[in-house]
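In what follows, a single structure is set out as C-alpha cells and then discussed.
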Amino acid sequence: CVTLRNLLAQLTEQYDHLLLDVPALRTTSDAIVLAALSSACIVVTQQGTTSITPVQQALDDVKSLTMLGIVLNKVKIHMPNWIQSLVPQD
C-alpha cells in the first residue's frame, strides 16, 4: 500500500516541483497535515476578503514549517490612464 508520504517522495524524484493546493488552513485540519508533508509552503489570501486576524492565525499555525511567503491575490491597483495607454491591449 502506497502512503501519501511515499507517493509524494516518488513524485519528488520525478518532478522538479510539486504544488499541493490544500484547503484553507483555518477550515480543516487536513491542510496542516498536508502542508507538513511538503518541503515548504505559501499562504494565499485575498485582498478585501480576509482580515488580518485570520491571516495571522494561519501564519501561526504553520510557523514550524518552512515558509516561502504570502501571496495576496485579486489585488486592485489603480493605474493612471497615461500608463495604461502604454500597455498593449489585445
Side-chain angles (χ1 to χ4, degrees):
C1 178
V2 176
T3 65
L4 181 57
R5 185 182 309 274
N6 292 340
L7 175 61
L8 291 175
Q10 290 173 8
L11 292 172
T12 301
E13 293 294 320
Q14 290 181 306
Y15 299 99
D16 293 333
H17 303 285
L18 296 177
L19 299 177
L20 303 177
D21 185 7
V22 302
L25 289 173
R26 305 293 297 171
T27 61
T28 176
S29 60
D30 292 347
I32 300 293
V33 173
L34 290 170
L37 291 175
S38 66
S39 58
C41 64
I42 298 170
V43 172
V44 179
T45 186
Q46 183 176 338
Q47 181 189 24
T49 301
T50 311
S51 65
I52 191 71
T53 301
V55 173
Q56 288 172 329
Q57 290 170 337
L59 291 172
D60 196 42
D61 289 344
V62 296
K63 67 182 173 190
S64 64
L65 305 177
T66 302
M67 284 291 300
L68 296 179
I70 300 173
V71 173
L72 182 62
N73 66 6
K74 298 191 179 177
V75 175
K76 295 183 186 344
I77 299 174
H78 174 71
M79 186 183 310
N81 288 337
W82 71 271
I83 293 176
Q84 193 166 357
S85 69
L86 299 174
V87 178
Q89 304 293 320
D90 290 335

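As a basis for the values below, the full set of heavy atoms in this structure was taken, side chains included, without hydrogen atoms, waters or symmetry mates. Sequential numbering from 1 along the given sequence is applied to the chain's residues.
Note that the CG atom of L65 and the CG atom of L68 stand 10.5 Å from one another [nearest 0.5 Å]. Separating the OG1 atom in T66 from the CD1 atom in I42 is a distance of 12.0 Å, to the nearest 0.5 Å. Between atom CG of residue L20 and atom CG of residue L11 there is a gap of 9.0 Å, rounded to the nearest 0.5 Å. To the nearest 0.5 Å, the span separating CG on L59 from CG on L25 amounts to 8.5 Å. In this structure, the separation between CG on L86 and CG on N81 is 11.0 Å, given to the nearest 0.5 Å. Note: Q84 CD to H78 NE2 = 9.0 Å, rounded to the nearest 0.5 Å.
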T12 and L18: CA distance, side-chain angles, deciding distance, side chain to side chain contact (heavy atoms under 4.5 Å, CB included) verdict: CA-CA 7 Å; T12 301; L18 296 177; 3.5 Å; yes
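No more than 12 heavy atoms of other residues, nucleotides or ligands lie within 6.0 Å of CG in L19, so this atom counts as exposed by the packing criterion.
V44 and I32 are members of different hydrophobic clusters when ILVMFWY side chains are connected at heavy-atom separations under 4.5 Å. Follow the hydrophobic side-chain contacts under 4.5 Å out from V55 and you reach V62 in the same cluster.
Screening residues 32-45 for side chain to side chain donor-acceptor pair (under 3.5 Å), with sequence neighbours left out, gives T45-T50.
Residues A31 and A24 share a closest heavy-atom pair of CB-O, 3.9 Å. In plain terms, the two heavy atoms of Q47 and K76 that are nearest each other are OE1-N, 2.8 Å.
Through direct or indirect side-chain contacts shorter than 4.5 Å among Ile, Leu, Val, Met, Phe, Trp and Tyr, V75 is connected to L72, I77.
When side chains are defined from C-beta on, R5 does not count as touching L8, because their heavy atoms never get closer than 4.5 Å.
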